[in-house]
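Quick one: structure below, then a few questions.
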Protein chains: 2
Amino acid sequence: MKTKHEIGTRERIVRATSRLMQRQGYEATGLKEISREAEATLGSVYHFFPGGKQELAVAAVRHGDLEFAETLREVLDRVEDPAEAVLACTEELAAGMRDSGWLDGCPVSTVALESAGRVPDVQRAAAEAFENWRAIVSAKLRRSGFADDVAEDLAHTIINTLEGAEMSAQVSQSETPLRLAGRHLARLIAAYR
Amino acid sequence: MKTKHEIGTRERIVRATSRLMQRQGYEATGLKEISREAEATLGSVYHFFPGGKQELAVAAVRHGDLEFAETLREVLDRVEDPAEAVLACTEELAAGMRDSGWLDGCPVSTVALESAGRVPDVQRAAAEAFENWRAIVSAKLRRSGFADDVAEDLAHTIINTLEGAEMSAQVSQSETPLRLAGRHLARLIAAYR
DNA sequence: CTCTCATTAGAACGAACGCTCTATCCAGGA
DNA sequence: TCCTGGATAGAGCGTTCGTTCTAATGAGAG
């Protein structure tokens with residue numbers, strides 16, 4: 001049975017992996033570091049993830065996927081107008097980034113790039129994350145009256161621009177890229193009205 | 001003296017490092033692998049780069065910076081209309097990505113994300129690369145009659161959207177993100193005319 | 001109580017890591 | 001001709017890597 005009141009060991013391991021890989025990436029994050037951070041032993045890590053580091057990274061990417069999907073849904077539901085809603089997303093991202101001292105970027109993108117062409121399972125999980133986020137944005141646009149194909153296409157660029165601006169903001173330690181992305185995406189959405 | 005006819009050892013090392021880190025990132029690329037790929041010995045690597053892996057990564061990022069700056073300038077000079085020119089950039093990126101079997105993404109972004117908050121020298125070099133590329137796009141927009149501040153701001157989002165779409169294209173192994181980015185950026189530029 | 005098995009615990013493995021070090025090579029100047 | 005110093009060469013340093021393995025633990029079922 002699961003430990004009743006406190007958080008389960010498996011979940012602690014996944015969260016620690018996600019947090020560490022968000023900040024350091026896949027290669028720079030060691031299993032001993034993960035087990036230390038999760039307050040679990042190496043034995044527990046391999047008990048829950050017999051597939052080792054790769055299986056662990058897939059779980060971490062899925063965790064980051066769900067995590068960001070939830071905040072994305074929340075912000076998009078809070079603001080009615082889709083252009084303003086996307087703008088609100090950039091504010092949210094900028095705030096999170098700044099508050100972490102420019103340490104917490106996208107929980108998926110670093111691992112995604114490192115795994116591309118090298119660790120297929122992880123790459124697939126990352127692609128699924130991007131696709132999930134895109135679907136959330138696409139649904140919002142359709143709810144706001146956009147035609148299906150326009151919404152699908154726009155959602156691609158919205159997510160990708162957010163990703164690019166997030167990376168640029170982190171590397172340059174400035175909110176400007178995200179603020180400009182918000183303004184320009186709002187204008188783009190308005191242009192397709 | 002430099003070896004006369006053939007390419008210099010130092011240059012071979014930088015190119016090998018840039019190529020390997022483009023595909024594998026900073027952490028996954030070893031110094032022995034670099035020296036093997038560059039057909040140089042470890043002694044030569046440390047002779048030219050006494051600062052070790054970090055100094056090597058800075059040189060590799062600068063190399064990727066200049067490399068992409070050149071193709072960017074070339075494409076933007078070839079097509080007069082700025083919206084069509086940006087579209088041409090996405091075609092160029094899509095072609096390069098596809099032709100490499102989705103292995104060669106942005107020569108800077110993977111290393112940029114890995115180094116963020118962990119290897120300041122490399123992070124700075126990556127930020128400078130993004131800034132250089134932005135300046136090239138900004139100059140093109142100004143040449144096409146855009147006001148200075150509009151050009152500066154738009155250039156930010158153009159580069160960041162290209163980066164995001166490039167990452168998405170690589171991870172999903174599809175040209176679609178880049179094609180859509182081109183179409184939407186063209187529309188955005190037209191909206192600011 | 002005893003049995004059972006999911007879970008915890010951590011020592012140990014071979015391989016690879018970044019880096020240091022000494023030795024050698026060899027073209028150009030004196 | 002000898003000397004000098006940039007360049008090459010690679011063995012080996014200590015450390016850490018991902019992984020494997022055996023043993024202990026401990027709560028619930030019978």
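Chain letters run A, B, ... following the sequence lines, proteins first and then strands; every chain starts at 1. Worth saying up front: this structure is predicted, and the values here are computed from it rather than measured.
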Hydrophobic cluster (4.5 angstrom, side-chain heavy atoms) - remaining members for A/Y46: A/I13, A/V14, A/L20, A/L31, A/I34, A/L42, A/V45, A/F48, A/F49, A/L56

Partner set under side-chain hydrogen bond (donor to acceptor under 3.5 Å, both in side chains) for B/T157, not counting sequence neighbours: A/H184

Side chain to side chain contact (heavy atoms under 4.5 Å, CB included) partners for A/A181, two or more places apart: A/T161, A/A165

Nucleic acid contacts - residues 13-24 of chain A versus DNA chain D, non-hydrogen atoms under 4.0 Å: none

Members besides A/W102 in its Ile/Leu/Val/Met/Phe/Trp/Tyr cluster (side-chain heavy atoms under 4.5 Å): A/M97

By side-chain hydrogen bond (donor to acceptor under 3.5 Å, both in side chains) - contacts of B/E128 (at least two apart): none

Residues in side-chain hydrogen bond (donor to acceptor under 3.5 Å, both in side chains) contact with A/S100, at least two apart in sequence or another chain: none

Close approaches to DNA chain C from residues 45-60 of chain B, in residue order (heavy atom, under 4.0 Å): B/Y46, B/G52, B/K53

Close residues, residues 110-119 of chain A, relative to DNA chain C [heavy-atom separation under 4.0 Å]: none

Under the side-chain hydrogen bond (donor to acceptor under 3.5 Å, both in side chains) test, residues paired with B/R23 that sit two or more places apart: B/D104

Bend angle of the helix from C/dC1-D/dG30 to C/dA30-D/dT1, end axes from five pairs each (to 10°): 10°

List every contact pair, protein side and nucleotides 11-15 of chain C side both N or O, where the distance is under 3.5 Å.
none

